[in-house]
There are 4 protein chains.
Amino acid sequence: MLDAAVRVFSRRGFHAASMDEIADDAGISKPMVYAYLGTKEELFVACLHREGTRLMEAIAEAVAPDLTPDGQLWSGLRAFFRFVGAHRDGWGVLYRQARAQQPFADNLAEMRERMVRVVGVMLAQALAAEGREIRDTDLEVMAYALVGASESLADWLADHPEADPDKTATRMMNVAWLGAAQLLRGDVWHPSGE
Amino acid sequence: MLDAAVRVFSRRGFHAASMDEIADDAGISKPMVYAYLGTKEELFVACLHREGTRLMEAIAEAVAPDLTPDGQLWSGLRAFFRFVGAHRDGWGVLYRQARAQQPFADNLAEMRERMVRVVGVMLAQALAAEGREIRDTDLEVMAYALVGASESLADWLADHPEADPDKTATRMMNVAWLGAAQLLRGDVWHPSGE
Amino acid sequence: MLDAAVRVFSRRGFHAASMDEIADDAGISKPMVYAYLGTKEELFVACLHREGTRLMEAIAEAVAPDLTPDGQLWSGLRAFFRFVGAHRDGWGVLYRQARAQQPFADNLAEMRERMVRVVGVMLAQALAAEGREIRDTDLEVMAYALVGASESLADWLADHPEADPDKTATRMMNVAWLGAAQLLRGDVWHPSGE
Amino acid sequence: MLDAAVRVFSRRGFHAASMDEIADDAGISKPMVYAYLGTKEELFVACLHREGTRLMEAIAEAVAPDLTPDGQLWSGLRAFFRFVGAHRDGWGVLYRQARAQQPFADNLAEMRERMVRVVGVMLAQALAAEGREIRDTDLEVMAYALVGASESLADWLADHPEADPDKTATRMMNVAWLGAAQLLRGDVWHPSGE
DNA sequence: AATGAATGAGCTTTCATTCAT
DNA sequence: GATGAATGAAAGCTCATTCAT
């Protein structure tokens with residue numbers, strides 16, 4: 001039943017989507033939508049929540065704890081891009097929508113935090129394995145950058161229907177891991193002469 | 001006068017923003033807004049255009065052609081994060097809004113393409129300097145990832161008013177450049193055993 | 001429910017009539033008006049159509065094909081003036097409004113054409129009965145004049161609530177038929193000495 | 001200066017005409033329009049008045065008191081149709097407009113009354129010349145019918161730019177005068193068997 | 001004397017939301 | 001329990017009308 005809502009929100013965007021169309025698409029009457037899922041905002045949050053959960057589960061399932069750090073990252077990225085590839089409409093637009101509609105910024109922020117935390121843990125483990133450490137803020141920002149780069153490529157993937165999710169994941173891995181690997185080794189770039 | 005519009009669009013989002021509120025915020029009457037800037041859509045495009053131009057100029061001004069590749073990237077990133085830090089509203093309108101509102105996706109896409117192209121050129125120059133080359137698609141995707149990571153950190157910066165733009169730029173540089181440097185040297189990560 | 005619309009359009013004119021007033025007058029809420037009858041223009045066309053159809057039917061019903069030509073004309077005129085007398089509002093909408101509002105001129109023109117054609121056929125039959133004939137343009141203009149005279153008297157009737165429709169019809173018949181009868185006999189007036 | 005107003009009212013209709021366009025067309029600024037001619041309604045009345053006066057004058061000038069009754073009618077009709085032919089826009093639309101806009105109904109009614117009275121006088125003179133008389137109401141209605149038929153043909157003329165005013169006048173004369181002549185002779189049509 | 005700039009008020013239209021059946 | 005019917009509220013946009021220069 002949420003499927004209809006996701007479809008319509010994806011197709012039209014949050015504001016342009018009308019409860020009429022959602023009810024129609026779901027094959028039930030409008031009052032039922034209100035009875036089961038409440039306000040339009042609540043409905044959107046519900047969509048967001050479900051899609052977010054599914055994504056998280058898909059990734060969590062893929063990241064086996066016994067893998068090496070780069071193996072974990074790779075598995076996670078691949079799962080992520082596969083999910084986006086399979087739910088181009090749902091994910092891409094839900095995400096893009098949520099980012100733009102102030103009222104949902106918090107819901108989204110929370111989701112992103114969770115992803116950032118997961119990535120952060122991976123990085124921390126990798127660091128520990130190398131016997132090195134890094135400031136928490138740096139870790140967070142780095143994780144942010146990786147998540148952001150992934151989101152951006154996810155957008156790119158959603159806009160290029162013919163693109164291959166796995167290949168996209170490989171590319172992201174190259175950008176991410178090689179950079180990260182350097183950092184993990186202690187190589188640090190800093191502005192020269194300042 | 002566009003300032004008010006940028007503020008309100010950023011605060012509310014495109015749809016939720018009402019022309020009444022924009023007029024109020026600007027301290028003029030609604031008909032004046034229409035007289036000077038036309039339709040709500042045209043108004044938004046005008047905001048988009050101005051903010052985009054400002055951002056581009058800020059970056060272009062910073063990137064001196066006689067710098068080394070990493071010097072260019074660093075200058076560009078620093079200018080970018082400084083701009084975002086100083087124009088949080090503008091950034092909100094530019095990216096968070098425009099990305100989600102179908103009608104403006106094109107305007108935004110064009111701008112992003114320009115940035116991606118600029119970054120791509122930098123990378124290509126660096127490659128040439130090393131005597132190496134890379135497939136165009138890979139270049140594009142890589143540039144996309146860098147731009148995306150920057151956008152994401154920009155969001156982070158916009159949400160953390162106390163954060164320092166220059167420090168954020170440095171962090172981004174670390175993620176970006178070290179990773180890129182590896183790639184430029186020919187190191188390629190690929191899924192093992194698949 | 002169209003009744004309210006006809007009343008208000010007749011009272012205010014197309015432009016000056018507000019959907020609010022129509023909804024009020026109908027005792028329902030504005031969105032209902034839109035749900036049932038669509039746009040203001042569509043609503044007006046609907047009014048036009050209904051009133052026009054009613055008028056045509058009233059006349060068609062009255063004009064029995066087995067009557068003599070003057071009997072037909074008389075029956076038609078009587079039906080016409082009775083209708084106008086009974087539906088003063090409707091008449092107002094039909095003619096006074098539609099004639100002036102460019103977008104509806106066509107709808108009206110079509111109806112008037114139908115009336116002109118009917119009158120033209122009557123005249124032609126009468127001519128044939130007398131073994132005479134007349135140029136088509138003359139016929140059309142004559143029919144036009146008769147229809148116009150009738151419309152004018154209809155206006156007069158609509159403005160004089162105490163006037164008797166049948167008497168008005170008789171008067172119109174006198175003007176119309178005696179003049180026509182002359183013409184049919186071949187008497188033609190022409191400017192002397194020119 | 002009224003010319004511009006007449007042009008614009010003709011082109012657009014009363015409501016659709018904007019004061020901006022009128023001022024533009026007149027080559028002066030809007031406040032001047034208000035200074036010289038007042039409200040939009042007042043402006044329209046002024047147009048109506050001027051056009052009406054011109055029409056009346058054109059007719060009055062043509063109707064010499066020493067003519068025979070049919071000579072007077074003919075001269076009047078010819079002047080009328082010539083005027084309409086020469087001012088197709090102005091007259092046709094002003095008239096059609098005024099008829100539809102409630103607020104101006106009175107102004108228009110007054111003008112029409114004047115014409116009816118003039119025609120009535122002609123008919124009464126003709127009657128007197130024949131030594132016959134007729135009830136006042138009948139006279140009025142007859143005059144109304146003639147005026148109405150003329151208006152209708154004027155509309156027709158305004159819509160057929162290639163039509164010849166004098167020919168139209170002749171046709172109207174045929175319809176009008178032959179019918180009237182009969183009536184003047186005492187021939188009266190009345191519903192048979194009722 | 002003439003105008004550019006400004007606005008209050010109003011109109012059509014659309015929805016999220018709820019009764020009454 | 002489910003719905004067709006209904007509405008309050010608001011939004012975009014326009015225009016007759018007037019100041020302040």
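Quick note: numbers below take in every heavy atom, side chains included, and nothing from hydrogens, waters or symmetry partners. A, B, ... follow the sequence lines: proteins, then strands. Residue 1 opens every chain.
Put simply, CD1 on Ile22(D) is 18 Å from P on dT14(F), counting in whole angstrom units. Protein atom CE of Met19(D) is 15 Å distant from nucleotide atom P of dT3(E), rounded to whole Å. As a whole-Å value, the separation of Asp20(B) CG from dG10(E) P is 15 Å. Per the geometry, CZ belonging to Phe44(C) stands 14 Å off P belonging to dT12(E), to the nearest Å. As a whole-Å value, the separation of Glu21(C) CD from dG10(E) P is 13 Å. The interatomic distance linking His15(D) (NE2) with dT14(F) (P) rounds to 17 Å, in whole Å. Rounded to whole Å, atom P of dT17(E) lies 8 Å from atom NZ of Lys40(A). Glu42(D) places its CD atom 12 Å from the C1' atom of dA16(F), with the value rounded to the nearest Å.
The main-chain N or O of Ala26(A) is never found under 3.5 Å from a side-chain atom of Arg7(A) such that the two would form a donor-acceptor pair. Remark: the backbone N or O of Glu42(D) is not paired with any side-chain donor or acceptor of Thr39(D) at under 3.5 angstrom. The closest donor-acceptor contact from the side chain of Arg50(B) to the backbone of Cys47(B) lies at 3.5 Å or more, if one exists at all.
Between Phe104(B) and Gln97(B), every side-chain heavy-atom pair lies at or beyond the 4.5 Å cut-off. Residues Glu151(C) and Glu151(D) are not in side-chain contact: their nearest non-hydrogen atoms beyond the backbone lie 4.5 Å or more apart.
Between Arg99(D) and Asp155(D), at least one side-chain nitrogen of the basic residue sits less than 4.0 Å from a carboxylate oxygen of the acidic one, meeting the salt-bridge criterion.
Relative to the ring axis of Phe14(C), Lys40(C) places its NZ or CZ within 45° and under 6.0 Å from the centre.
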Next on the checklist: With side-chain contact (heavy atoms from CB on, under 4.5 Å) as the criterion, how do Leu37(C) and Leu2(C) come out once you've worked through the C-alpha distance, each side chain's angles and the decisive distance to 0.1 Å?
Outcome noted: CA-CA 9 Å; Leu37(C) 299 164; Leu2(C) 279 171; 4.1 Å; yes
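In DNA chain F, consecutive stretches of 3 or more Watson-Crick or G-U wobble pairs with both distances under 3.5 Å are given as paired ranges: E:2-21 with F:2-21.
Applying the salt bridge (charged side-chain N to carboxylate O under 4.0 Å, His left out) test to pairs two or more places apart or on separate chains, those with a residue in residues 26-39 of chain C are Asp20(C)-Lys30(C).
Within 4.0 Å of Ala16(D), counting heavy atoms only, lies no atom of the nucleic acid at all.
DNA chain F is contacted by Lys30(B), Pro31(B), Tyr34(B), Thr39(B) of residues 23-39 of chain B, taking any non-hydrogen atom closer than 4.0 Å.
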